[in-house]
Visitor: 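My structure is below; once you've seen it, I'll send some questions.
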2 protein chains.
Amino acid sequence: MSDASDAHDAAAGRLPGLTSTLVFKLGTLGTVATDRFTRALDAFELGLKPKHVGLMVALDAGAAASQQELAARMGVAPSLVVSLADHLEQLGAVQRVRDPQDRRRQVLTLTDEGRRLLDRCEAAGHELDAELAGELTGAQRRALTEALQHLAAHLGLP
Amino acid sequence: MSDASDAHDAAAGRLPGLTSTLVFKLGTLGTVATDRFTRALDAFELGLKPKHVGLMVALDAGAAASQQELAARMGVAPSLVVSLADHLEQLGAVQRVRDPQDRRRQVLTLTDEGRRLLDRCEAAGHELDAELAGELTGAQRRALTEALQHLAAHLGLP
DNA sequence: TCGATATGGTTCAGAGGCCGAACGATTGGC
DNA sequence: GCCAATCGTTCGGCCTCTGAACCATATCGA
């Protein structure tokens, strides 16, 4: 990890710097990414925020789940899931069904409309990918995706 | 990017999924990263948030700058820089000096105390890096850092 | 069977972060 | 020497998210 820029910093009497850190890079690039994604969603004019999409992804990922389970998966307060689900239900993207086995639980499922919406989000995601990583070589892009995949897996994320 | 998991999804009648997207990965991992960094800063008990560190990094990166320039660099409203600088000044990490050439401008500089503080943040960053990427091979980690570097450079970030 | 306790969902008030519109101080153009 | 532009600051408000109530339902124990 001692590359040319580090050597330059050292010559200037400085440490490598926080900017060479993984957390820092991930943090800043993460904000940029969600920022752009937010704008792309705004273009849909459906009042969607990244968290709405996060909920749909969580729904799509596993078996039908209660709102509490979803909140846990998303690392978010259950009360937030309520409002997210409210909005998605209003859009017809999500369906709330009382679990007959336990009538306290609301089982959320993605409707066909929700699938279509999620597909649109995915398309937007790919566009942004091209925009972001357009100047990376195929190999670089592959390495990046793979490394991020490892990281996510290591942290127990989707 | 058609790998095994994509093939699996396709077999299940699904598209590759938003989760295979770069924006999505960057977004989620970015939140995790800033989340952990925030907690690390909390341990300092100085009331610091990632944006404070961002300001210090911006100060450290270039020549002495006015608050407007810093706001532009950080992609943030000038009024926010005021409160960030207020707090850092109160900690003795930053110094405000009126530019004699243009007495409207406040020139911010990092004090020695600020440097020490920034070093502590960097140390925390490296700890988190070890925690995050501990299970990656050296080559993977190098590839990741390099790719993120490319991305950041392409977007005009530090 | 019935009461006590726990759990899922919802509502609501409020904390926290951030922006945009004002405003005073200072500058540069004419 | 006035007028417009610019810098920093203050302040009001929006938006997001959480935690504490609350009702409905379920489970446990006697």
Side-chain angles (χ1 to χ4, degrees), chain A residues 27-28 30-32 34-39 41-42 45-55 58-59 62-90 94-109, chain B residues 27-28 30-32 34-35 37-39 41-42 45-55 58-59 63-90 94-109:
Chain A
T28 53
T31 349
V32 171
T34 38
D35 243 40
R36 301 210 180 187
F37 191 57
T38 302
R39 266 186 281 150
L41 288 178
D42 282 347
E45 311 225 334
L46 295 173
L48 288 181
K49 301 287 170 187
K51 299 250 163 180
H52 292 111
V53 182
L55 179 53
L59 272 180
S66 75
Q67 297 185 188
Q68 304 254 358
E69 290 167 341
L70 290 168
R73 276 191 214 171
M74 298 176 64
V76 117
S79 55
L80 181 57
V81 176
V82 174
S83 56
L84 294 174
D86 279 352
H87 191 190
L88 288 174
E89 190 177 28
Q90 192 172 351
V94 145
Q95 209 177 359
R96 259 194 258 240
V97 178
R98 288 243 168 247
D99 181 351
Q101 256 65 47
D102 182 346
R103 296 175 30 75
R104 289 171 305 179
R105 306 175 80 227
Q106 295 271 38
V107 176
L108 292 186
T109 52
Chain B
T28 52
T31 18
V32 171
T34 37
D35 242 42
F37 192 57
T38 303
R39 266 186 281 151
L41 289 178
D42 282 347
E45 311 227 334
L46 295 172
L48 288 180
K49 300 287 171 189
K51 299 250 164 180
H52 292 111
V53 181
L55 179 53
L59 272 181
S66 74
Q67 297 185 188
Q68 303 254 0
E69 290 167 338
L70 289 168
R73 277 191 214 170
M74 297 176 63
V76 115
S79 55
L80 181 57
V81 176
V82 175
S83 55
L84 294 175
D86 278 353
H87 191 190
L88 288 174
E89 191 178 28
Q90 193 172 351
V94 146
Q95 209 175 1
R96 260 193 258 241
V97 177
R98 287 243 169 248
D99 181 353
Q101 256 67 46
D102 183 346
R103 295 174 33 74
R104 288 171 304 181
R105 305 174 81 227
Q106 295 271 38
V107 176
L108 291 187
T109 51

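Protein chains get the first letters and strands the later ones, always in sequence-line order, with residue 1 at the start of each. Every heavy atom of this structure was used, including side-chain atoms; hydrogens, water molecules and symmetry mates were not.
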Visitor: Of B:Arg96 and A:Asp99, whose nearest nucleotide on DNA chain D comes first from the 5' end?
Guide: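 Between the two, 5'-proximity favours B:Arg96.
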Visitor: So what does B:Ser66 touch, heavy atoms closer than 4.0 Å: a base, only the sugar-phosphate, or nothing?
Guide: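 Since only primed, P, OP1 and OP2 atoms lie under 4.0 Å of B:Ser66, the category is sugar-phosphate.
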Visitor: Let me know the distance between CG of B:Leu55 and P of D:dG8, rounded to the nearest Å.
Guide: 12 Å
Visitor: In whole Å, what is the span from the NE2 atom of A:His87 to the P atom of C:dT10?
Guide: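 Rounding to the nearest Å, NE2 of A:His87 and P of C:dT10 are 16 Å apart.
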Visitor: Does a side-chain N or O of B:Lys49 approach OP1 or OP2 of C:dG17 to a distance below 4.0 Å, or not?
Guide: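 For B:Lys49, the contact criterion (side-chain N or O under 4.0 Å from OP1 or OP2 of C:dG17) is met.
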Visitor: Is any side-chain heavy atom of B:Leu41 closer than 4.5 Å to a side-chain heavy atom of B:Leu46?
Guide: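 SC-SC contact between B:Leu41 and B:Leu46 ruled out.
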Visitor: Say you draw a straight line from CG of B:Leu55 to CG of B:Leu108; how long is it, rounded to the nearest 0.5 Å?
Guide: 6.5 Å
Visitor: Between B:Arg98 (CZ) and D:dG8 (P), how many Å, whole number?
Guide: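 Atom CZ in B:Arg98 sits about 8 Å away from atom P in D:dG8.
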Visitor: Counting heavy atoms from C-beta on, name the nucleotide in D:dT25, D:dG8, C:dT26 closest to the side chain of B:Arg104.
Guide: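 It is C:dT26.
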Visitor: Has the side chain of B:Arg103 got a donor or acceptor atom sitting under 3.5 Å from an opposite partner on the base of C:dT26?
Guide: no
Visitor: In whole Å, I'd like the distance from the CD atom of A:Glu69 to the P atom of C:dG9.
Guide: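 Spelled out: CD on A:Glu69 to P on C:dG9 is 8 Å.
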Visitor: Looking at side-chain heavy atoms only, is the closest gap between A:Arg105 and A:Arg98 below 4.5 Å?
Guide: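 In short, these two side chains do not touch, never coming nearer than 4.5 Å.
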Visitor: Given B:Phe37, which partner from the list B:Val53, B:Val32, B:Asp42 fulfils the side chain to side chain contact (heavy atoms under 4.5 Å, CB included) test?
Guide: B:Val53
Visitor: With distance as the sole criterion, do the side chain of A:Ser79 and the base of C:dG9 form a donor-acceptor contact below 3.5 Å?
Guide: no
Visitor: Mind checking if B:Gln68 touches a base, just sugar-phosphate, or nothing, with heavy atoms under 4.0 Å?
Guide: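 The residue B:Gln68 makes base contact.
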Visitor: What does B:Val76 touch in the nucleic acid at a heavy-atom separation under 4.0 angstrom: a base, only the sugar-phosphate, or nothing?
Guide: sugar-phosphate
Visitor: Expressed as a whole number of angstroms, how long is the span from B:Leu41:CG to C:dG16:C1'?
Guide: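 From B:Leu41 CG to C:dG16 C1': 16 Å.
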Visitor: Among D:dC7, D:dT9, D:dC17, find the nucleotide with the atom closest to the side chain of A:Lys51.
Guide: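 Between D:dC7, D:dT9, D:dC17, the one nearest the side chain of A:Lys51 would be D:dC17.
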Visitor: Closer to the 5' end of DNA chain D via nearest nucleotide, is it A:Gln101 or A:Leu84?
Guide: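 Closest to the 5' end, via its nearest nucleotide, is A:Leu84.
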Visitor: Side chain of A:Gln106, heavy atoms from C-beta onward: which of D:dG8, D:dT18, C:dG9 has the nearest atom to it?
Guide: C:dG9
Visitor: Drop me the distance from A:Met74's CE to B:Thr28's OG1, to the nearest 0.5 angstrom.
Guide: 11.5 Å
Visitor: Starting at CG of B:Leu80 and ending at P of D:dC11, how long is that distance when rounded to a whole Å?
Guide: 16 Å
Visitor: Please report, rounded to the nearest Å, how far the P atom of C:dT10 is from the CZ atom of A:Arg105.
Guide: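 Result: 13 Å.
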Visitor: Without decimals, in angstroms, what is the distance between A:Met74 CE and D:dT16 P?
Guide: 14 Å
